[in-house]
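A short write-up of the structure that comes next.
Counting from 1, the numbers follow the sequence of the chain as shown. Every value quoted in this text rests on a predicted model; they were computed, and no experiment measured them.
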Amino acid sequence: MFSPLLHRLQDICLHAATPVSRRCVRMTPAALVEALPALGSVLYVPMLPHGASVWTMPRGLLAEAMQLAPLLQVHALVMASVIGVDGPREWIECLDRGGRACARLYLLPDTDYLAWDALLASGEPLADPSRRLRRARPASAQMLRFHRRRLAGLDVLGGETVTSASSLSTQLAGHIARAEALVWQPQADN
């Protein structure tokens, strides 16, 4: 009887929890596009665009789909982690020049942990990120595997939907999506 309410309460409490660790690094869109394919499967959560924001596309980069365009606005990455009722959770807030979150990348059990650490180690450390963060609302959540290709002298960022994720990654992605108040529909195996 109270099971759905209990699960929602756990999600709300976890979402409201203060991250126990934050670290901020400067990151260019080109460096991010180069590093993303090595991560393997991640939960990608683009943020709703801010009405006053005007995007300037970085020179030499394109996104295959509009949902990936926020990653081309990255100026800094903030690594955050928290320990909640379902264990540790780690994610990267992608910030634009104004300090607004434009996307989030969540670490999943299927993610390459060494590539995740290498991504964060490749940036130039920045000061305390808590003053830089400006709230943004998530638009959607999707398990993706990024890829990069060259096209007419441009680096093109693409992403393919992960259809064969482990059950643990799928379950964790569902918990995260519900905590973000997003509808979650895992992809069926092919």
Looking only at heavy atoms, what is the nearest atom pair of Cys102 and Val74, with distance? SG-CG2, 4.2 Å

So which heavy atom on Met47 is nearest to which on Ala101, and how close? CG-O, 3.3 Å

Would Ile92 and Leu119 satisfy side-chain contact (heavy atoms from CB on, under 4.5 Å), going step by step from the backbone distance to the final call? CA-CA 10 Å; Ile92 296 173; Leu119 170 62; 3.8 Å; yes

So which of Leu36, Val156, Val33 actually passes side-chain contact (heavy atoms from CB on, under 4.5 Å) with Arg148? Val33

Filter on salt bridge (Lys or Arg N to Asp or Glu O under 4.0 Å), then keep only pairs touching residues 160-169, sequence neighbours left out; what's left? Arg145-Glu160

Under the salt bridge (Lys or Arg N to Asp or Glu O under 4.0 Å) definition, can you give me all pairs with a residue in residues 166-177, not counting sequence neighbours? none

Do [X] and [Y] have side chains that get closer than 4.5 Å, going by heavy atoms?
X: Tyr44; Y: Leu105; result: yes
X: Val25; Y: Leu126; result: no
X: Leu77; Y: Cys24; result: no
X: Met27; Y: Ser122; result: yes

Verify side-chain contact (heavy atoms from CB on, under 4.5 Å) between His175 and Arg89, making sure each step is shown before the conclusion. CA-CA 11 Å; His175 283 284; Arg89 187 169 297 167; 3.9 Å; yes

Side chains of residues 58-71: which donor-acceptor pairs under 3.5 Å do they make with residues two or more places apart or in other chains?
{"unit_1": "Glu64", "atom_1": "OE1", "unit_2": "His147", "atom_2": "NE2", "d": "3.4"}
{"unit_1": "Glu64", "atom_1": "OE2", "unit_2": "His147", "atom_2": "NE2", "d": "3.3"}
{"unit_1": "Glu64", "atom_1": "OE2", "unit_2": "Arg149", "atom_2": "NE", "d": "2.9"}
{"unit_1": "Glu64", "atom_1": "OE2", "unit_2": "Arg149", "atom_2": "NH2", "d": "3.4"}
{"unit_1": "Gln67", "atom_1": "NE2", "unit_2": "Gln142", "atom_2": "OE1", "d": "3.1"}

Suppose we screen for side-chain hydrogen bond (donor to acceptor under 3.5 Å, both in side chains). Which residues come up paired with Arg26, at least two apart in sequence or across chains? His75

Determine which pairs satisfy side-chain hydrogen bond (donor to acceptor under 3.5 Å, both in side chains) with at least one residue from residues 107-119, sequence neighbours left out, and list them in order. Glu90-Trp116, Asp110-Ser166, Asp110-Ser169

Please list all pairs passing the side-chain hydrogen bond (donor to acceptor under 3.5 Å, both in side chains) test where one or both residues lie in residues 28-39, with sequence neighbours left out. none

